[in-house]
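Predicted model, so just to flag it, every value in this text is computed and none were measured. Note on naming: letters A, B, ... go to the chains in the order of the sequence lines (proteins, then strands), and numbering restarts at 1 for each one.
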Amino acid sequence: MTNQILKNFNKLQFEHDLLHWYAESKRDLPWRSENDPYKIWVSEIMLQQTKVDTVIPYFNHFIEKYPSVYELAAAEQQDVLKAWEGLGYYSRARNLQNAVREVVEEYGGKVPSTPKELGSLKGIGPYTKGAILSIAFNQPEPAVDGNVMRVFSRVLKIEEDIAQQSTKKLFEDYVRELISKEDPSSFNQAIMDLGATICTPKSPGCMLCPVQAYCRAFAEGIQDELPIKKKAKKQKSLSYVVLLIENKNGDFVIEKRLENGLLANLWQFPMVPIEEIGMDHLVNWIYSEYGVHIHLRKKVGNLKHVFSHLIWKLEIFEAKTTQTEIHDDRIIFVHRDDITKYPFPVSHQKMLQYINSSIEEDTV
DNA sequence: AAGACGGGGCC
DNA sequence: GGCCCAGTCTT
(Lines give C-alpha, C1' and ligand atoms only; values in the text may rest on other atoms or scores of the structure.)
Protein backbone atom coordinates (compact mmCIF):
# COMPACT_ATOMS: atom_id res chain seq x y z
CA MET A 1 0.00 0.00 0.00
CA THR A 2 2.98 2.28 0.51
CA ASN A 3 4.42 0.96 -2.73
CA GLN A 4 2.83 3.45 -5.09
CA ILE A 5 4.05 6.54 -3.31
CA LEU A 6 7.53 5.23 -2.49
CA LYS A 7 8.10 3.54 -5.84
CA ASN A 8 10.32 6.21 -7.37
CA PHE A 9 11.61 7.54 -4.08
CA ASN A 10 15.36 7.28 -3.50
CA LYS A 11 15.26 6.00 0.05
CA LEU A 12 18.98 5.46 0.57
CA GLN A 13 20.02 8.84 -0.77
CA PHE A 14 17.30 10.55 1.24
CA GLU A 15 18.49 8.84 4.40
CA HIS A 16 22.09 9.74 3.68
CA ASP A 17 21.38 13.43 3.08
CA LEU A 18 19.07 13.67 6.07
CA LEU A 19 21.51 12.04 8.49
CA HIS A 20 24.40 14.06 7.15
CA TRP A 21 22.47 17.27 7.77
CA TYR A 22 21.47 16.10 11.25
CA ALA A 23 25.05 15.28 12.21
CA GLU A 24 26.06 18.84 11.39
CA SER A 25 22.98 20.78 12.50
CA LYS A 26 21.27 18.93 15.31
CA ARG A 27 20.13 21.05 18.21
CA ASP A 28 21.97 20.81 21.49
CA LEU A 29 19.21 19.77 23.90
CA PRO A 30 19.49 18.71 27.55
CA TRP A 31 17.95 15.26 26.95
CA ARG A 32 20.41 14.58 24.15
CA SER A 33 23.48 14.67 26.38
CA GLU A 34 23.08 11.02 27.38
CA ASN A 35 20.94 8.01 26.54
CA ASP A 36 19.17 7.35 29.80
CA PRO A 37 15.77 5.87 28.84
CA TYR A 38 14.15 7.51 31.87
CA LYS A 39 15.31 10.97 30.82
CA ILE A 40 14.30 10.38 27.22
CA TRP A 41 10.90 9.30 28.55
CA VAL A 42 10.47 12.40 30.72
CA SER A 43 11.46 14.65 27.83
CA GLU A 44 9.03 12.98 25.44
CA ILE A 45 6.12 13.35 27.86
CA MET A 46 6.94 17.01 28.45
CA LEU A 47 7.27 17.64 24.72
CA GLN A 48 3.75 16.41 23.95
CA GLN A 49 1.95 19.41 22.47
CA THR A 50 4.64 21.64 23.97
CA LYS A 51 7.47 23.62 22.39
CA VAL A 52 11.11 22.76 23.06
CA ASP A 53 11.89 26.21 24.47
CA THR A 54 9.09 25.85 27.01
CA VAL A 55 10.20 22.38 28.07
CA ILE A 56 13.93 22.98 28.63
CA PRO A 57 13.77 24.72 32.04
CA TYR A 58 11.06 22.32 33.29
CA PHE A 59 13.11 19.34 32.17
CA ASN A 60 16.29 20.52 33.88
CA HIS A 61 14.50 21.23 37.14
CA PHE A 62 12.52 17.99 37.01
CA ILE A 63 15.59 15.82 36.43
CA GLU A 64 17.49 17.61 39.14
CA LYS A 65 14.64 16.89 41.53
CA TYR A 66 13.89 13.38 40.27
CA PRO A 67 17.16 12.04 38.79
CA SER A 68 15.85 8.49 38.32
CA VAL A 69 12.68 6.43 38.40
CA TYR A 70 13.23 5.78 42.11
CA GLU A 71 13.02 9.42 43.23
CA LEU A 72 9.97 10.04 41.06
CA ALA A 73 8.25 6.86 42.21
CA ALA A 74 8.75 7.83 45.85
CA ALA A 75 7.58 11.45 45.47
CA GLU A 76 4.30 12.97 46.65
CA GLN A 77 1.95 13.64 43.75
CA GLN A 78 1.47 17.21 44.93
CA ASP A 79 5.21 17.82 44.62
CA VAL A 80 5.26 16.34 41.13
CA LEU A 81 2.38 18.61 40.14
CA LYS A 82 4.26 21.56 41.61
CA ALA A 83 7.22 20.70 39.38
CA TRP A 84 4.79 20.53 36.45
CA GLU A 85 3.01 23.78 37.37
CA GLY A 86 2.53 25.99 34.34
CA LEU A 87 3.41 23.30 31.82
CA GLY A 88 -0.19 22.25 31.24
CA TYR A 89 -1.86 18.92 30.47
CA TYR A 90 -1.38 17.86 34.07
CA SER A 91 -2.60 14.31 33.49
CA ARG A 92 0.80 13.83 31.84
CA ALA A 93 2.48 14.31 35.21
CA ARG A 94 0.08 12.02 37.04
CA ASN A 95 0.30 9.31 34.39
CA LEU A 96 4.08 9.58 34.22
CA GLN A 97 4.43 9.03 37.92
CA ASN A 98 1.98 6.12 37.87
CA ALA A 99 3.90 4.52 35.02
CA VAL A 100 7.25 5.09 36.72
CA ARG A 101 5.90 3.38 39.84
CA GLU A 102 4.89 0.44 37.68
CA VAL A 103 8.39 0.31 36.20
CA VAL A 104 9.89 0.23 39.69
CA GLU A 105 7.50 -2.44 40.92
CA GLU A 106 7.10 -4.65 37.86
CA TYR A 107 10.32 -4.15 35.91
CA GLY A 108 12.91 -3.75 38.65
CA GLY A 109 13.32 -0.08 37.86
CA LYS A 110 14.42 -0.71 34.27
CA VAL A 111 12.40 1.00 31.54
CA PRO A 112 11.05 -1.82 29.35
CA SER A 113 12.30 -1.98 25.77
CA THR A 114 9.57 -3.91 23.98
CA PRO A 115 6.70 -2.19 22.13
CA LYS A 116 4.12 -4.20 24.01
CA GLU A 117 5.40 -3.49 27.53
CA LEU A 118 6.25 0.13 26.83
CA GLY A 119 2.92 0.82 25.15
CA SER A 120 0.99 -0.61 28.09
CA LEU A 121 2.35 2.07 30.45
CA LYS A 122 0.08 5.00 31.29
CA GLY A 123 0.65 8.06 29.16
CA ILE A 124 2.74 6.27 26.55
CA GLY A 125 0.85 6.22 23.26
CA PRO A 126 2.01 5.28 19.77
CA TYR A 127 4.23 8.34 19.33
CA THR A 128 6.00 8.23 22.69
CA LYS A 129 6.44 4.48 22.44
CA GLY A 130 8.21 4.86 19.10
CA ALA A 131 10.25 7.79 20.32
CA ILE A 132 11.59 5.90 23.34
CA LEU A 133 12.21 2.70 21.38
CA SER A 134 14.12 4.51 18.66
CA ILE A 135 15.95 7.20 20.65
CA ALA A 136 16.79 5.27 23.81
CA PHE A 137 17.02 1.74 22.41
CA ASN A 138 17.88 2.41 18.77
CA GLN A 139 15.06 0.29 17.39
CA PRO A 140 13.68 1.09 13.91
CA GLU A 141 10.21 2.09 15.12
CA PRO A 142 8.21 5.02 13.73
CA ALA A 143 7.52 7.99 16.03
CA VAL A 144 4.91 9.98 14.18
CA ASP A 145 4.09 13.40 15.59
CA GLY A 146 3.02 16.67 14.05
CA ASN A 147 6.50 17.35 12.70
CA VAL A 148 6.79 14.00 11.00
CA MET A 149 3.38 14.33 9.38
CA ARG A 150 4.16 17.83 8.18
CA VAL A 151 7.55 16.90 6.71
CA PHE A 152 6.37 13.76 4.97
CA SER A 153 3.09 15.24 3.81
CA ARG A 154 5.27 17.69 1.87
CA VAL A 155 8.11 15.41 0.83
CA LEU A 156 5.77 12.65 -0.35
CA LYS A 157 2.84 14.95 -1.21
CA ILE A 158 0.31 13.24 1.04
CA GLU A 159 -3.02 15.05 0.90
CA GLU A 160 -5.04 13.17 3.50
CA ASP A 161 -6.37 15.04 6.53
CA ILE A 162 -3.71 14.69 9.24
CA ALA A 163 -6.37 15.13 11.92
CA GLN A 164 -7.70 11.67 11.02
CA GLN A 165 -6.42 8.62 12.91
CA SER A 166 -6.18 6.60 9.73
CA THR A 167 -3.81 9.18 8.27
CA LYS A 168 -1.44 8.82 11.21
CA LYS A 169 -1.25 5.07 10.57
CA LEU A 170 -0.48 5.81 6.95
CA PHE A 171 2.51 7.90 8.00
CA GLU A 172 3.67 5.14 10.33
CA ASP A 173 3.72 2.79 7.34
CA TYR A 174 5.81 5.24 5.33
CA VAL A 175 8.27 5.84 8.17
CA ARG A 176 8.64 2.10 8.67
CA GLU A 177 9.73 1.87 5.04
CA LEU A 178 12.03 4.87 5.15
CA ILE A 179 13.60 4.76 8.59
CA SER A 180 17.33 4.14 8.80
CA LYS A 181 18.11 0.62 10.02
CA GLU A 182 21.62 1.68 11.02
CA ASP A 183 20.62 4.76 12.99
CA PRO A 184 16.89 4.92 13.63
CA SER A 185 17.47 7.22 16.60
CA SER A 186 19.07 9.91 14.48
CA PHE A 187 16.58 9.39 11.67
CA ASN A 188 13.54 10.10 13.84
CA GLN A 189 15.18 13.01 15.60
CA ALA A 190 16.39 14.44 12.30
CA ILE A 191 12.85 14.56 10.92
CA MET A 192 11.66 16.29 14.09
CA ASP A 193 14.50 18.83 14.00
CA LEU A 194 13.78 19.43 10.35
CA GLY A 195 10.11 20.02 11.09
CA ALA A 196 10.89 22.32 13.99
CA THR A 197 13.55 24.46 12.34
CA ILE A 198 13.12 24.36 8.53
CA CYS A 199 9.98 22.55 7.41
CA THR A 200 7.86 24.80 9.64
CA PRO A 201 4.07 25.17 9.49
CA LYS A 202 4.22 28.64 7.98
CA SER A 203 6.74 29.86 5.38
CA PRO A 204 9.01 26.80 5.42
CA GLY A 205 12.69 27.45 4.68
CA CYS A 206 12.86 25.29 1.59
CA MET A 207 16.01 27.04 0.35
CA LEU A 208 17.87 25.70 3.39
CA CYS A 209 16.32 22.25 3.33
CA PRO A 210 18.70 19.30 3.15
CA VAL A 211 16.08 17.14 1.43
CA GLN A 212 14.65 19.76 -0.92
CA ALA A 213 15.71 17.62 -3.89
CA TYR A 214 13.33 14.86 -2.74
CA CYS A 215 10.39 17.09 -1.89
CA ARG A 216 7.37 16.68 -4.17
CA ALA A 217 5.55 19.62 -2.63
CA PHE A 218 8.50 21.91 -3.30
CA ALA A 219 8.79 20.63 -6.85
CA GLU A 220 5.18 21.70 -7.44
CA GLY A 221 5.38 24.85 -5.30
CA ILE A 222 2.60 23.65 -2.99
CA GLN A 223 4.56 23.42 0.27
CA ASP A 224 2.35 26.12 1.79
CA GLU A 225 -0.79 24.08 1.08
CA LEU A 226 0.40 21.04 3.05
CA PRO A 227 -0.33 19.37 5.33
CA ILE A 228 -4.11 19.32 5.00
CA LYS A 229 -5.79 19.62 8.37
CA LYS A 230 -9.42 19.99 9.32
CA LYS A 231 -10.19 23.12 11.31
CA ALA A 232 -10.63 22.89 15.06
CA LYS A 233 -13.92 23.70 16.74
CA LYS A 234 -14.35 26.97 18.59
CA GLN A 235 -14.14 26.94 22.37
CA LYS A 236 -17.17 27.36 24.60
CA SER A 237 -17.20 30.22 27.09
CA LEU A 238 -17.80 29.78 30.83
CA SER A 239 -18.23 32.68 33.28
CA TYR A 240 -17.14 32.58 36.91
CA VAL A 241 -16.79 34.89 39.86
CA VAL A 242 -13.54 34.11 41.67
CA LEU A 243 -13.30 35.02 45.34
CA LEU A 244 -10.15 36.06 47.16
CA ILE A 245 -11.45 35.43 50.67
CA GLU A 246 -9.17 36.70 53.42
CA ASN A 247 -9.44 36.60 57.20
CA LYS A 248 -7.79 38.79 59.80
CA ASN A 249 -4.69 36.55 59.93
CA GLY A 250 -3.90 37.07 56.27
CA ASP A 251 -5.11 33.59 55.38
CA PHE A 252 -6.94 32.90 52.13
CA VAL A 253 -9.48 30.20 51.30
CA ILE A 254 -8.22 27.82 48.63
CA GLU A 255 -9.64 24.52 47.45
CA LYS A 256 -8.27 21.42 45.80
CA ARG A 257 -9.85 20.58 42.48
CA LEU A 258 -11.34 17.15 41.81
CA GLU A 259 -9.02 14.23 41.10
CA ASN A 260 -10.27 13.89 37.55
CA GLY A 261 -10.97 16.24 34.69
CA LEU A 262 -9.72 19.76 34.08
CA LEU A 263 -6.68 20.79 36.15
CA ALA A 264 -7.17 17.73 38.32
CA ASN A 265 -5.73 17.88 41.85
CA LEU A 266 -4.49 21.43 41.43
CA TRP A 267 -5.54 24.19 43.84
CA GLN A 268 -7.56 27.32 43.18
CA PHE A 269 -9.46 30.18 44.76
CA PRO A 270 -13.19 29.47 45.06
CA MET A 271 -14.96 29.77 41.71
CA VAL A 272 -18.67 30.50 41.42
CA PRO A 273 -20.44 29.50 38.19
CA ILE A 274 -22.13 32.84 38.17
CA GLU A 275 -24.56 32.25 35.28
CA GLU A 276 -26.24 29.49 37.28
CA ILE A 277 -25.99 31.01 40.75
CA GLY A 278 -26.55 34.72 40.16
CA MET A 279 -24.90 37.54 42.10
CA ASP A 280 -27.89 37.75 44.47
CA HIS A 281 -27.29 34.23 45.79
CA LEU A 282 -23.51 34.28 45.73
CA VAL A 283 -22.90 34.75 49.46
CA ASN A 284 -25.42 32.06 50.39
CA TRP A 285 -24.05 29.67 47.81
CA ILE A 286 -20.51 30.09 49.14
CA TYR A 287 -21.77 29.34 52.64
CA SER A 288 -23.57 26.19 51.54
CA GLU A 289 -20.69 24.91 49.39
CA TYR A 290 -17.69 26.02 51.44
CA GLY A 291 -19.06 26.53 54.94
CA VAL A 292 -17.61 30.01 55.01
CA HIS A 293 -19.58 33.14 55.69
CA ILE A 294 -18.23 36.05 53.69
CA HIS A 295 -18.97 39.62 52.86
CA LEU A 296 -17.98 41.00 49.49
CA ARG A 297 -15.68 44.00 49.41
CA LYS A 298 -14.96 45.00 45.84
CA LYS A 299 -14.26 43.78 42.36
CA VAL A 300 -10.56 43.94 41.59
CA GLY A 301 -10.45 42.92 37.95
CA ASN A 302 -11.36 40.71 35.02
CA LEU A 303 -9.41 37.81 33.58
CA LYS A 304 -9.90 35.87 30.38
CA HIS A 305 -8.21 32.51 30.19
CA VAL A 306 -8.15 30.47 27.00
CA PHE A 307 -7.85 26.67 27.04
CA SER A 308 -7.72 24.49 23.95
CA HIS A 309 -11.39 23.51 24.35
CA LEU A 310 -12.96 26.29 26.45
CA ILE A 311 -12.64 29.88 27.65
CA TRP A 312 -12.92 31.07 31.22
CA LYS A 313 -14.26 34.56 31.77
CA LEU A 314 -13.37 35.45 35.32
CA GLU A 315 -14.47 38.35 37.53
CA ILE A 316 -12.21 38.67 40.55
CA PHE A 317 -13.65 39.88 43.86
CA GLU A 318 -12.11 40.49 47.25
CA ALA A 319 -14.09 39.21 50.22
CA LYS A 320 -13.64 39.02 53.98
CA THR A 321 -14.52 36.45 56.58
CA THR A 322 -14.17 36.36 60.35
CA GLN A 323 -13.56 32.60 60.35
CA THR A 324 -10.12 31.07 60.74
CA GLU A 325 -10.93 27.37 60.33
CA ILE A 326 -12.76 25.10 57.93
CA HIS A 327 -13.69 21.50 58.65
CA ASP A 328 -12.80 20.03 55.29
CA ASP A 329 -9.57 18.64 53.85
CA ARG A 330 -10.29 19.87 50.33
CA ILE A 331 -10.99 23.44 51.45
CA ILE A 332 -8.37 25.14 53.61
CA PHE A 333 -7.08 28.45 54.89
CA VAL A 334 -3.55 29.19 53.77
CA HIS A 335 -1.45 32.19 54.70
CA ARG A 336 -0.71 34.49 51.78
CA ASP A 337 3.01 33.70 52.10
CA ASP A 338 2.41 29.95 51.81
CA ILE A 339 0.09 29.91 48.81
CA THR A 340 2.92 29.33 46.37
CA LYS A 341 3.70 26.01 48.02
CA TYR A 342 0.61 24.58 46.34
CA PRO A 343 0.32 23.79 42.63
CA PHE A 344 -1.92 26.37 40.95
CA PRO A 345 -3.07 26.70 37.35
CA VAL A 346 -1.68 29.74 35.56
CA SER A 347 -5.04 31.50 35.59
CA HIS A 348 -5.07 31.48 39.38
CA GLN A 349 -1.39 32.32 39.69
CA LYS A 350 -2.32 35.60 38.05
CA MET A 351 -4.67 36.32 40.93
CA LEU A 352 -1.78 36.17 43.35
CA GLN A 353 -0.74 39.45 41.76
CA TYR A 354 -4.01 41.02 42.90
CA ILE A 355 -3.31 39.77 46.39
CA ASN A 356 0.22 41.07 46.39
CA SER A 357 -0.75 44.42 44.89
CA SER A 358 -3.39 44.82 47.63
CA ILE A 359 -0.59 44.44 50.19
CA GLU A 360 1.15 47.43 48.70
CA GLU A 361 -2.10 49.36 48.84
CA ASP A 362 -2.50 48.58 52.52
CA THR A 363 1.10 49.47 53.25
CA VAL A 364 0.82 52.77 51.41
C1' DA B 1 -14.69 9.53 15.28
C1' DA B 2 -15.03 13.19 18.37
C1' DG B 3 -14.02 15.53 22.88
C1' DA B 4 -11.38 16.51 26.87
C1' DC B 5 -7.19 18.04 28.26
C1' DG B 6 -3.01 23.72 29.27
C1' DG B 7 -0.41 27.06 28.04
C1' DG B 8 2.48 29.93 25.23
C1' DG B 9 4.05 32.00 20.96
C1' DC B 10 3.26 33.56 16.46
C1' DC B 11 0.81 36.31 12.96
C1' DG C 1 -8.73 35.97 16.86
C1' DG C 2 -6.95 31.52 14.90
C1' DC C 3 -3.28 28.14 14.43
C1' DC C 4 0.37 25.19 16.05
C1' DC C 5 3.04 22.68 19.15
C1' DA C 6 8.03 15.88 19.97
C1' DG C 7 -0.18 13.44 21.88
C1' DT C 8 -3.02 10.50 25.01
C1' DC C 9 -7.15 9.02 27.06
C1' DT C 10 -12.05 8.66 27.31
C1' DT C 11 -16.51 8.30 25.46
Side-chain angles (χ1 to χ4, degrees), chain A residues 26-27 29-32 40-59 81 84-96 98-99 118-136 142-151 161-169 171-172 175 185 188-197 199-204 224 227-238 257-258 260-266 268 304-312 343-350:
Chain A
K26 66 176 167 188
R27 293 174 290 176
L29 303 172
W31 45 91
R32 285 182 175 170
I40 303 294
W41 181 8
V42 170
S43 76
E44 290 302 338
I45 300 297
M46 287 188 169
L47 286 162
Q48 289 169 8
Q49 298 291 287
T50 312
K51 291 265 209 307
V52 164
D53 288 342
T54 304
V55 165
I56 288 173
Y58 281 92
F59 176 83
L81 287 173
W84 210 270
E85 183 184 58
L87 198 52
Y89 284 148
Y90 298 93
S91 66
R92 291 184 295 176
R94 295 181 285 119
N95 288 337
L96 173 62
N98 287 338
L118 210 46
S120 76
L121 294 171
K122 268 210 168 55
I124 298 186
Y127 163 76
T128 305
K129 178 176 63 177
I132 295 173
L133 289 173
S134 61
I135 297 171
V144 174
D145 67 341
N147 285 315
V148 174
M149 287 196 281
R150 185 171 58 257
V151 169
D161 177 9
I162 64 166
Q164 297 295 311
Q165 279 180 29
S166 52
T167 307
K168 187 171 178 176
K169 288 183 182 167
F171 281 102
E172 287 174 349
V175 173
S185 168
N188 278 345
Q189 294 186 83
I191 297 294
M192 291 186 231
D193 270 26
L194 189 61
T197 63
C199 196
T200 48
K202 272 167 276 187
S203 50
D224 289 322
I228 310 280
K229 189 177 184 182
K230 189 183 52 183
K231 284 196 174 93
K233 280 192 169 180
K234 269 181 65 181
Q235 306 101 318
K236 295 188 196 316
S237 244
L238 295 176
R257 293 180 59 88
L258 301 178
N260 286 305
L262 185 64
L263 304 168
N265 283 348
L266 273 69
Q268 66 181 21
K304 190 175 109 168
H305 195 80
V306 180
F307 298 90
S308 44
H309 63 300
L310 56 89
I311 298 174
W312 276 358
F344 273 66
V346 167
S347 52
H348 284 250
Q349 288 179 49
K350 290 175 182 168

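Of the C1' atoms belonging to dT8(C) and dG9(B), the separation is 23 Å, rounded to the nearest Å. Of the P atoms belonging to dG8(B) and dC9(C), the separation is 24 Å, rounded to the nearest Å. dA4(B) and dA6(C) have their P atoms separated by 24 Å, with the value rounded to a whole Å. Rounded to whole Å, the C1' atom of dA1(B) lies 22 Å from the corresponding atom of dC5(C).
Considering only side-chain atoms of S308(A), the nucleotide from dC4(C), dG6(B), dG7(C) that sits closest is dG6(B). Closest to the side chain of M192(A), from the set dC4(C), dA6(C), dA2(B), is dA6(C). Of the candidate nucleotides dG7(B), dA4(B), dG6(B), dG6(B) has the atom lying nearest to any side-chain atom of T50(A). Side chain of K234(A), nearest nucleotide from dG2(C), dG1(C), dG6(B): dG2(C). The side chain of Q48(A) sits closest to dT8(C) out of dG6(B), dT8(C), dA6(C). For Q164(A), taking side-chain heavy atoms from C-beta onward, the closest of the listed nucleotides dT8(C), dA4(B), dA2(B) is dA2(B). In the set dG7(B), dC9(C), dA6(C), the nucleotide with an atom closest to the side chain of W31(A) is dA6(C). Distances were taken from every side-chain heavy atom of Q49(A) (C-beta onward) to each of dG6(B), dC5(B), dA6(C); the shortest belongs to dG6(B). If you check dC5(B), dC3(C), dA6(C) against the side chain of E44(A), the one that comes closest is dA6(C). With distances taken from any side-chain atom of K168(A) to the nucleotides dT8(C), dC5(B), dA6(C), the minimum falls on dT8(C).
Base engagement by R32(A) is indicated by at least one non-hydrogen atom pair under 4.0 Å involving a base atom. When heavy atoms are screened at a 4.0 angstrom cut-off, K236(A) is found touching no nucleic acid atom at all. At the heavy-atom level, L263(A) lies under 4.0 Å from the strands shown only through sugar-phosphate atoms. Residue V52(A) is classed as a base contact, given a heavy-atom separation below 4.0 Å to a base. Residue contacts shown for Q165(A) include a base, since a base heavy atom lies under 4.0 Å away. Using a 4.0 Å heavy-atom distance criterion, L87(A) is classed as a base contact. If you check every strand for non-hydrogen atoms under 4.0 Å, R150(A) touches sugar and phosphate atoms only. Counting any heavy atom pair closer than 4.0 Å across all strands shown, L29(A) reaches a base atom. In this structure, G86(A) reaches the sugar-phosphate backbone alone: every heavy-atom distance under 4.0 Å involves primed, P, OP1 or OP2 atoms, never a base. Using a 4.0 Å heavy-atom criterion, one finds that T54(A) contacts no nucleic acid atom at all. At the heavy-atom level, K129(A) lies nowhere under 4.0 Å from the strands shown. Here T200(A) lies out of heavy-atom contact (under 4.0 Å) with every strand.
Phosphate proximity of dG6(B) to H305(A): absent, as no side-chain N or O sits under 4.0 Å from OP1 or OP2. Taking only side-chain nitrogens and oxygens, S347(A) never comes nearer than 4.0 Å to OP1 or OP2 of dG6(B).
Distance CG (D193(A)) to P (dA6(C)): 10 Å, rounded to an integer number of Å. Taking atom CZ on R92(A) and atom P on dG7(B), their separation rounds to 10 Å, with Å as the unit. Atom CH2 of W312(A) and atom P of dG6(B) are 9 Å apart (whole Å). A straight line from CG of N260(A) to C1' of dC9(C) spans 11 Å, rounded to a whole angstrom. The distance from atom CH2 of W41(A) to atom P of dT8(C) is 13 Å, rounded to the nearest whole Å. Atom CD1 in I311(A) sits roughly 16 Å away from atom P in dG6(B) (whole-Å rounding). Whole-Å rounding puts the L118(A) CG to dG7(C) P distance at 17 Å. Between R257(A) atom CZ and dC5(B) atom C1' there is a gap of 11 Å when expressed in whole angstrom units.
No side-chain donor from either of Y127(A) and Q48(A) sits under 3.5 Å from a side-chain acceptor of the other.
Both N147(A) and G119(A) lie close to DNA chain C; mapped to their nearest nucleotides by heavy-atom distance, the more 5′-ward contact belongs to N147(A). Residues H309(A) and S166(A) each lie close to DNA chain B; by heavy-atom proximity, the contact nearer the 5' end of the strand is made by S166(A). Taking the nucleotide of DNA chain C with the nearest heavy atom to each of K202(A) and Y89(A), the more 5' of the two is matched to K202(A).
Using modelled atom types, no side-chain atom of R27(A) and backbone atom of V52(A) make a donor-acceptor pair closer than 3.5 Å. With hydrogens and angles disregarded, no donor-acceptor distance shorter than 3.5 Å links the side chain of T167(A) to the backbone of Q165(A).
Using a 4.5 Å cut-off on side-chain heavy atoms (C-beta onward), H309(A) and K233(A) make no contact. Side-chain contact between Q189(A) and R32(A) is present, with heavy atoms from C-beta onward closer than 4.5 Å. A heavy-atom distance below 4.5 Å is found between the side chains of L310(A) and W312(A). Side-chain contact between L47(A) and W31(A) is present, with heavy atoms from C-beta onward closer than 4.5 Å.
Ring-plane geometry between H348(A) and F344(A) is classed as tilted, the angle between the planes lying from 30 to 60 degrees on a 0 to 90 degree scale.
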